[in-house]
2 protein chains.
Amino acid sequence: MAKIETQMLKGTLDNAILMIIAQGETYGYALLQQLQDAGFGVIPEGTVYPLLLKMQRNGLIVAHRHAIATGPDRKYYRITAAGEAHLQAFLPQWKQLTTAMNRLIAGQEG
Amino acid sequence: MAKIETQMLKGTLDNAILMIIAQGETYGYALLQQLQDAGFGVIPEGTVYPLLLKMQRNGLIVAHRHAIATGPDRKYYRITAAGEAHLQAFLPQWKQLTTAMNRLIAGQEG
DNA sequence: TTTGCATACATTGCTTTACAAAGTACCTGG
DNA sequence: CCAGGTACTTTGTAAAGCAATGTATGCAAA
């Protein structure tokens, strides 16, 4: 999986993570793999963990720590109503940006 | 035209500008309007002009100043071979990012 | 036993980027 | 004359991704 230019992820990665959480409770370390599976390439821990903390501070997600049989505790995240609202605000912006870009790209190739 | 969250433009806006220049020589002040027409919303001068200077330093575009009959001089920009190569490297990354995001969004709605 | 590795999360500091704000300068219309 | 549109520049700020480093747990191999 190719690595996406990091600048391009700004303002997008957080919403990607929020969508993954919205589609099923998960925890940080698992998210690293889920992001890769989704096609974002390798996203380092130093990116994901601070992001999760920030989203928690902003009330977009809530966490609850869970001890498991084997290995360190996990922090599971769930999306909040504010998080859902945030996603609803993001979607049209993403649409606008990709529409504008794809039109330029079409003019580039065609 | 709605305003796109500025973080989302990082690493994308430069390539949008590069594509506009690739599709026909233009100058900074005209670019402001072209970006808006393309659907990016209002992009301020404090964003576009520094970006053009940086792209020039990086050899992606070349400029030549042109005096016109009425009003201040204009700096017209043309894309270079390095600029074309830069675009060719950008396109698959953009494709990868939008593919990954759109798949998540589909899972969000469907 | 102990070394190493995978799991799991947190923190500090760096770099890049969009942007606000302010400035310079030209020309036209009221 | 002066307000406003045209046209470009510069300085400083805030935000985000990430490298690097650290902490801690449990298991497997040596």
Side-chain angles (χ1 to χ4, degrees), chain A residues 3-18 21 25-36 40-58 60-61 63-77 86 90 93 97 100, chain B residues 3-18 21 25-36 40-58 60-61 63-77 86 90 93 97 100:
Chain A
K3 186 173 157 358
I4 298 178
E5 189 63 45
T6 95
Q7 288 298 333
M8 253 187 344
L9 293 174
K10 299 198 175 183
T12 304
L13 187 58
D14 54 346
N15 290 105
I17 290 177
L18 197 50
I21 293 175
E25 214 177 54
T26 188
Y27 60 99
Y29 195 80
L31 256 169
L32 299 172
Q33 190 59 51
Q34 289 174 305
L35 282 167
Q36 193 169 356
F40 290 92
V42 175
I43 308 294
E45 305 185 22
T47 295
V48 170
Y49 288 120
L51 235 175
L52 287 170
L53 292 175
K54 199 196 71 178
M55 289 164 72
Q56 204 182 335
R57 276 198 310 276
N58 294 350
L60 305 183
I61 55 178
H64 54 277
R65 201 170 264 277
H66 228 346
I68 56 167
T70 165
D73 290 3
R74 295 173 180 170
K75 269 178 77 178
Y76 282 87
Y77 293 97
H86 183 86
F90 162 75
Q93 298 219 358
L97 177 60
Chain B
K3 187 171 154 3
I4 298 177
E5 190 63 44
T6 93
Q7 288 299 335
M8 253 188 341
L9 293 174
K10 299 199 175 185
T12 304
L13 188 58
D14 54 345
N15 289 105
I17 290 176
L18 197 50
I21 294 174
E25 213 176 56
T26 188
Y27 60 99
Y29 194 81
L31 256 169
L32 298 173
Q33 189 58 50
Q34 289 174 306
L35 283 168
Q36 193 167 356
F40 291 91
V42 175
I43 309 293
E45 305 185 20
T47 296
V48 170
Y49 287 119
L51 237 174
L52 286 169
L53 291 175
K54 198 196 72 177
M55 290 164 72
Q56 205 182 334
R57 275 199 308 278
N58 293 351
L60 305 183
I61 54 178
H64 55 277
R65 201 171 265 277
H66 227 346
I68 55 168
T70 164
D73 290 4
R74 295 172 180 170
K75 269 177 77 177
Y76 282 87
Y77 294 97
H86 183 86
F90 162 76
Q93 298 221 356
L97 177 60

What protein N or O atoms touch nucleotides 16-20 of chain C N or O atoms at under 3.5 angstrom, if any, and at what distances?
from, atom 1, to, atom 2, distance (Å)
C/dT16, O2, A/K10, NZ, 3.3
C/dT17, OP2, B/K54, NZ, 3.0
C/dT17, O2, B/K10, NZ, 2.6
C/dA18, OP1, B/L9, O, 3.1
C/dA18, OP1, B/G11, N, 3.3
C/dC19, OP2, B/T47, OG1, 2.8
C/dC19, O5', B/T47, OG1, 3.3

Problem set entry | Interatomic spacing from CG in B/L60 to CD1 in B/I17 - rounded to 0.5 Å | 11.5 Å

Problem set entry | Side-chain donor/acceptor contact of B/E45 with base of D/dC8 under 3.5 Å | yes

For this session: Please determine if a side-chain N or O atom of B/Y49 lies less than 4.0 Å away from the OP1 or OP2 oxygen of D/dT9.
Result: no

Exercise. Can you find a heavy atom in the side chain of A/F40 that is under 4.5 Å from one in the side chain of B/L97?
Worked result: yes

Exercise. Stepwise, does the side chain to side chain contact (heavy atoms under 4.5 Å, CB included) test hold for A/Q34 with A/T26?
Worked result: CA-CA 9 Å; A/Q34 289 174 305; A/T26 188; 2.9 Å; yes

For this session: Taking only the side-chain nitrogens and oxygens of A/Y27, find out if one of them lies under 4.0 Å from OP1 or OP2 of C/dA8.
Result: yes

Just distance, no hydrogens or angles: give the donor-acceptor pairs under 3.5 Å from side chains in residues 63-76 of chain A, sequence neighbours left out.
from, atom 1, to, atom 2, distance (Å)
A/R74, NE, A/Y27, OH, 3.4
A/R74, NH1, A/Y76, OH, 3.1
A/R74, NH2, A/Y27, OH, 3.4

What protein N or O atoms touch nucleotides 26-30 of chain C N or O atoms at under 3.5 angstrom, if any, and at what distances?
from, atom 1, to, atom 2, distance (Å)
C/dC27, O3', B/T70, OG1, 3.4

Problem set entry | 4.5 Å side-chain heavy-atom contact, B/K3 and B/V42 | no

Problem set entry | Shortest non-hydrogen contact between B/L52 and B/I61, atoms and distance | O-CD1, 3.6 Å

For this session: Would you classify A/L53 as touching base, sugar-phosphate or nothing, given that sugar-phosphate means primed atoms plus P, OP1 and OP2, and contacts are heavy atoms under 4.0 Å?
Result: sugar-phosphate

For this session: Just compare D/dT9, D/dT6, C/dA10 and give me whichever is closest to any side-chain atom of B/Y29.
Result: D/dT6

For this session: Please answer whether the main-chain N or O of A/I4 pairs with a side-chain N or O of B/Q93 as donor and acceptor at a distance below 3.5 Å.
Result: no

Problem set entry | Rounded distance in Å - CG (B/L52) to P (D/dA7) | 14 Å

For this session: May I have the distance from A/L31 (atom CG) to C/dA10 (atom P), rounded to whole angstrom?
Result: 13 Å

Problem set entry | A/L51 vs A/M55, side chain to side chain contact (heavy atoms under 4.5 Å, CB included): CA-CA, chis, key distance, verdict | CA-CA 6 Å; A/L51 235 175; A/M55 289 164 72; 3.9 Å; yes

